[in-house]
Amino acid sequence: MPKAEMEKKMTPEEEARQKCIIRERNRERKRIQRLNPKYRRLEQERDRKRKKAQRAKEAFRELQNQRDKMRKDRKKGLLVTDPSQLPPESAATLPPVPVVEPEVGLPPTSQGQQQQQ
């Protein structure tokens, strides 16, 4: 007899009892599974990854909020990124931005070897 036909003939009390039995069986199966040290390690690793991803998402949201705030400030004229747009007295207070030029001629691996010697 197919399972669907058997369920149709069950009384509501029998169905409720069957659900309780299935739930209890599933709980016991989960409990035994959690006792397994390998499963516990996997669960802990999954939790760590989940927390790490959550922190990354929060940091990303915070950066988006800051970016949006800066855009709004720029539109209002409160935030100026180009020093030439500043009044002369304000521009004098900003330290000059140093121009950094990359080193030419030595590949990165040879620099590390020279430092070790």
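Residue numbers count from 1 along this sequence.
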Please round to the nearest 0.5 Å and tell me the distance separating atom NZ of Lys9 and atom CD of Glu14. 12.0 Å
Could you state the interatomic distance from CZ (Arg17) to OG1 (Thr11), rounded to the nearest 0.5 Å? 8.5 Å
Arg27/Glu24 salt bridge by N-O under 4.0 Å criterion: yes
Please report the C-alpha distance between Arg46 and Arg50 in whole Å, then the side-chain angles of each, then the deciding distance to 0.1 Å, and finally whether the side-chain contact (heavy atoms from CB on, under 4.5 Å) criterion is met. CA-CA 6 Å; Arg46 187 185 67 216; Arg50 195 177 290 151; 3.2 Å; yes
Could you walk me through whether Asp68 and Arg71 pass the side-chain contact (heavy atoms from CB on, under 4.5 Å) test, one step at a time? CA-CA 5 Å; Asp68 293 343; Arg71 281 185 184 154; 3.9 Å; yes
When you compare the side chain of Glu62 with that of Glu58, does any pair of heavy atoms fall below 4.5 Å? no
Smallest heavy-atom separation, Glu15 atom then Met10 atom, equals OE2-O, 3.6 Å
Is any NZ, NE, NH1 or NH2 atom of the basic residue among Lys49 and Glu45 found under 4.0 Å from an Asp or Glu carboxylate oxygen of the other? yes
Within 6.0 Å of CZ in Arg40, more than 12 heavy atoms from elsewhere: yes
Could you tell me whether Glu28 and Arg25 make a salt bridge, using a distance below 4.0 angstrom between a side-chain N and a carboxylate O? no
Apply salt bridge (charged side-chain N to carboxylate O under 4.0 Å, His left out) to Arg29 and list each qualifying residue two or more places apart in sequence or on a separate chain. none
Starting from the C-alpha separation in whole Å, work towards a yes-or-no answer on side-chain contact (heavy atoms from CB on, under 4.5 Å) for Lys52 and Arg48. CA-CA 6 Å; Lys52 190 175 180 181; Arg48 277 195 296 270; over 6 Å; no
CD1-CG distance between Ile21 and Asn26, expressed to the nearest 0.5 angstrom: 12.0 Å
